[in-house]
Structure formats: C-alpha cells, structure tokens
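All values below come from the heavy atoms of this structure, side chains included, with hydrogens, waters and symmetry mates left out. Every chain is numbered from 1, with letters handed out A, B, ... down the list of sequences.
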There are 2 protein chains.
Amino acid sequence: MADHTVDQEAWASALHSHGRRVTKQRLAVLAAVQNHPHSPAEAILAAARKDLPELTAQSVYVVLSDLTDLQMLRRFEPPHSPALYETRVGDNHHHAVCISCGRVEDVDCAVGHAPCLTPHWDEHSKPMTIQIADVLYQGICQDCQAKQQLPTQTYATHEIGER
Amino acid sequence: MADHTVDQEAWASALHSHGRRVTKQRLAVLAAVQNHPHSPAEAILAAARKDLPELTAQSVYVVLSDLTDLQMLRRFEPPHSPALYETRVGDNHHHAVCISCGRVEDVDCAVGHAPCLTPHWDEHSKPMTIQIADVLYQGICQDCQAKQQLPTQTYATHEIGER
DNA sequence: GCCTTATTGTGAAGAACTCATAATAAGTGC
DNA sequence: GCACTTATTATGAGTTCTTCACAATAAGGC
C-alpha cells in the first residue's frame with residue numbers, strides 16, 4: 001500500500017475545486033472506491049467503515065451520486081447487478097463483465113480516443129448530440145471457462161453477483 | 001397497422017422451436033413489445049392488457065425474462081431507468097439514450113458487423129472471451145436541445161422515465 | 001376429451017435506492 | 001480561537017422494480 005496522504009490531498013483539492021467541503025465521509029468513500037474498483041454501494045460502505053465505522057449507507061448513496069455528478073467518480077450498471085463505481089474517470093475506457101461470475105475488467109477503447117462517437121442513425125430516427133459512448137462487453141472469463149470444462153458443472157446462464 | 005395474424009404465427013413457431021407452449025399471454029407480451037419498443041415491463045403490461053385484461057404483472061416479468069434468455073427479446077438497462085425490452089434481436093444494433101428526457105433511439109453499428117468485439121486488454125487484466133458488445137450512447141435529443149435554449153428552462157440533469 | 005406438466009396468477013417479500021427531516025460539523029468572519 | 005452559517009450527514013421510513021413460493025389454470029400429446 002502506498003502513502004495515502006498524497007491521495008487524500010489530491011481528493012481534497014478536487015473536492016474544493018468543485019465547491020464541496022472536505023469531509024472525512026467523502027474521503028473515506030473516495031478511498032474505498034479507489035481500493036475496490038467496480039464495487040457496489042454496499043461494498044463501498046463496508047470498506048469505508050473500516051476507517052469510519054459510524055458511516056451510514058444513506059450517506060454513501062448521497063456521496064456516490066453527488067461525486068458521480070461531479071465526474072469525480074464513474075458509475076455503470078451491468079445487467080442484473082447493482083450500480084458499480086470506480087475512480088478511473090475521463091479516460092473513456094470501457095468494461096467487460098463475465099456473465100458467469102460477474103467479474104469486471106477494464107478495457108481500453110478499441111477504436112482510439114473517442115470510439116463510436118459517430119453512430120449511424122436509422123433512417124427513421126432523430127439523431128441526438130452524443131456526449132458519451134459506453135461499451136459493455138459481455139463474455140466468459142478464463143476462470144469460468146475452465147470451470148465449465150468440468151463435467152459436473154452445468155451451464156449457469158445468469159449467475160451474476162459475487163456477494 | 002399491418003395484419004397481426006402473420007406476426008402471431010411467426011411468434012408461435014418461434015416459441016415452438018424453443019420448446020415453449022404457445023399461450024395467449026406470451027403472444028400478448030410479444031405483440032406489446034413489438035408495438036412499443038424500448039418499453040419497461042410496466043408499459044408492456046399496460047399494452048398487453050388491452051388485448052388480455054386479466055394478465056398480471058408477475059406473468060409479464062416471468063415471460064419477459066424467459067423470452068430474453070431465449071434471445072427472442074432483447075433487454076437493456078439505461079442508467080436510472082428500469083429495464084427496457086425490444087423484439088429487434090440478433091442484428092447487433094445499439095442504443096442512444098437522451099439524458100434529459102430518456103428517449104431511446106436505435107443505432108446501427110458504426111464499425112461494421114461485429115463492432116469492438118476485439119477489445120484492447122489492460123496489461124494487468126485477464127482477457128475474457130467476448131460474446132456481446134453493447135454500446136450505450138448518451139446524449140441530448142433534438143427536442144430537449146431546443147427546450148434548453150429557452151431561458152426559463154433549467155438544466156434537468158437526471159429526469160429519465162417517461163411514465 | 002383426458003391427463004400430464006408447463007405456465008400463469010396470487011400474495012408476499014426482497015434488493016437497491018431515495019426522501020424528509022433533524023443533528024452535526026466544515027469553513028468563514030470576528 | 002470562537003461563534004455562526006449553511007452544507008453535509010444520520011435517522012428512519014418509504015418507493016420502485018423485481019423475484020419467490022405455491023396454488024390454480026390451461027396447452028398439447030395421447
């Protein structure tokens with residue numbers, strides 16, 4: 001583990017520049033998200049409570065959605081799973097989700113810096129001004145692929161959630 | 001409106017080929033999804049009840065998720081919105097969501113037939129075998145863009161859901 | 001038409017998230 | 001450093017979307 005003081009100061013100044021007060025709750029949530037990327041609110045609460053036991057779930061929800069609006073955090077929602085959060089923002093990366101175990105991996109963009117930002121519109125649709133293009137890959141991770149080779153293992157279609 | 005009998009027979013044979021019985025509930029749900037693409041379960045229930053008033057919400061949920069597993073329907077979950085369903089499957093198209101009003105438009109793939117199916121993996125991540133790449137565009141539709149020009153209109157950040 | 005078993009309806013429960021309001025504490029000025 | 005103002009957090013309940021267990025119903029094969 002590296003020196004967390006550096007991160008804390010970076011978070012503090014980022015909060016300041018967005019006109020937010022620097023509270024231990026926000027710092028704890030930010031640290032928890034950084035140490036546990038792709039985690040749901042519940043897991044972030046659990047992690048943050050190791051530093052700050054009196055933190056409540058509702059505060060975590062408020063902080064997460066506020067920081068997401070500020071673009072200090074990024075939120076994404078895999079199918080059949082609660083929303084996940086991460087600190088890696090602004091680099092336009094995407095995600096791959098294992099449909100068997102729910103594991104999430106980061107994926108850099110395949111088509112350069114701003115991929116697929118110029119969609120081909122249907123003839124009958126009204127074009128929109130696109131701001132974000134999120135790509136969600138779904139597949140099977142190496143571990144689950146290995147498990148499915150075993151004879152006793154039945155094909156688990158929708159077993160997402162790593163609880 | 002075209003002749004619905006044709007569609008019904010197509011749905012019936014598709015259900016048969018998946019080993020499912022042909023029930024009026026399934027046909028009503030399929031017709032409702034076809035006539036109201038990108039609709040949540042609640043709207044599908046309402047639409048299907050016009051043909052079949054005794055249909056229940058729980059049946060709709062069961063039918064929708066079963067038909068989605070069979071790939072006869074496609075399900076996707078825009079942020080801050082319940083799951084939406086559509087009958088257009090197997091053509092690898094994507095979706096654009098207006099972050100202001102929640103309107104959804106279909107988008108054909110920008111990069112050909114199977115776009116972005118070869119992600120660039122992080123150095124530290126374990127590659128997965130990718131099966132699906134869902135692209136979710138987020139932007140502002142023409143109507144909302146026009147509305148935001150008006151002085152009295154405040155910037156509505158997260159008003160999704162067309163209830 | 002009858003029978004078997006998939007399918008649907010019933011009623012309730014669960015997970016994830018949000019809301020209203022009171023308590024607390026961060027930052028500002030003295 | 002201390003009081004004050006207002007943003008922030010905690011409390012407790014409520015909402016929404018979805019699923020579960022089990023009984024009632026009906027589709028399709030004989």
Pairs flagged by side chain to side chain donor-acceptor pair (under 3.5 Å) wherever residues 46-58 of chain A is involved - sequence neighbours left out: A:Thr56-A:Ser59

Does A:Glu86 have any side-chain hydrogen bond (donor to acceptor under 3.5 Å, both in side chains) partners at least two apart in sequence or in another chain, and if so, which? A:His38, A:His93, A:His95

Would you say C:dC17 has OP1 or OP2 under 4.0 Å from some side-chain N or O of B:His80? no

Distance check, rounded to the nearest 0.5 Å: A:Thr87 atom OG1 versus A:Leu30 atom CG? 8.5 Å

How would you list, by chain and number, every residue that makes a salt bridge (Lys or Arg N to Asp or Glu O under 4.0 Å) with A:Arg88, sequence neighbours excluded? A:Asp91, A:Asp106, A:Asp108, B:Asp122

Roughly how many Å is it from NE2 in A:His16 to P in D:dT8, rounded to a whole number? 11 Å

Nearest-Å distance for atom pair CG/P, residues B:Leu30 and C:dT8: 11 Å

Can you check the B:His18 NE2 to D:dG28 P distance for me, whole Å? 16 Å

B:Glu42 CD to D:dT19 P: how many Å, rounded? 15 Å

Remaining members of the apolar cluster that contains A:Val62, side-chain heavy atoms under 4.5 Å: none

Contact residues, residues 48-60 of chain A to DNA chain D [heavy atom, < 4.0 Å]: A:Glu54, A:Leu55, A:Thr56, A:Gln58, A:Ser59

Distance in angstrom units between A:Leu64 CG and D:dT9 P, rounded: 11 Å

Walk me through it: do B:Asp134 and B:Arg75 pass the test salt bridge (charged side-chain N to carboxylate O under 4.0 Å, His left out)? CA-CA 11 Å; B:Asp134 270 321; B:Arg75 166 195 171 114; over 6 Å; no

Can you give me the bend angle of the helix from C:dG1-D:dC30 to C:dC30-D:dG1? Use the axis through the first five pairs and the one through the last five, nearest 10 degrees. 40°

Those residues at least two apart in sequence (or on a different chain) that pass salt bridge (Lys or Arg N to Asp or Glu O under 4.0 Å) with B:Asp66 are B:Arg20, B:Arg26

Summary of protein contacts for nucleotides 1-7 of chain C, nucleotide by nucleotide, where a base hit scores B, a sugar-phosphate-only hit scores S (4.0 Å, heavy atoms): ----BBS

Partners passing side-chain contact (heavy atoms from CB on, under 4.5 Å) against B:Pro127 (at least two apart in sequence or in another chain): A:Gln142, B:Trp121

List for me each residue that meets salt bridge (Lys or Arg N to Asp or Glu O under 4.0 Å) alongside B:Glu105, sequence neighbours excluded, and say none if there are none. none

Partner set under side-chain contact (heavy atoms from CB on, under 4.5 Å) for B:Ala12, not counting sequence neighbours: B:Val22

What does B:Val62 touch in the nucleic acid at a heavy-atom separation under 4.0 angstrom: a base, only the sugar-phosphate, or nothing? nothing

Any residue meeting side-chain hydrogen bond (donor to acceptor under 3.5 Å, both in side chains) with B:Thr129, in chain and number order, not counting sequence neighbours: A:Gln145

Please tell me which of B:Val22 and B:Glu77 maps to the more 5' nucleotide of DNA chain D, matching each residue to the nucleotide holding its nearest heavy atom. B:Glu77

Interatomic distance where CG belongs to B:Leu45 and P belongs to D:dT16 [whole Å]: 16 Å

When rounded to whole Å, the CZ to C1' distance for the pair B:Arg75 and D:dT19 reads 11 Å

Return the value, rounded to whole Å, for the distance between atom OH of A:Tyr61 and atom C1' of D:dG14. 14 Å

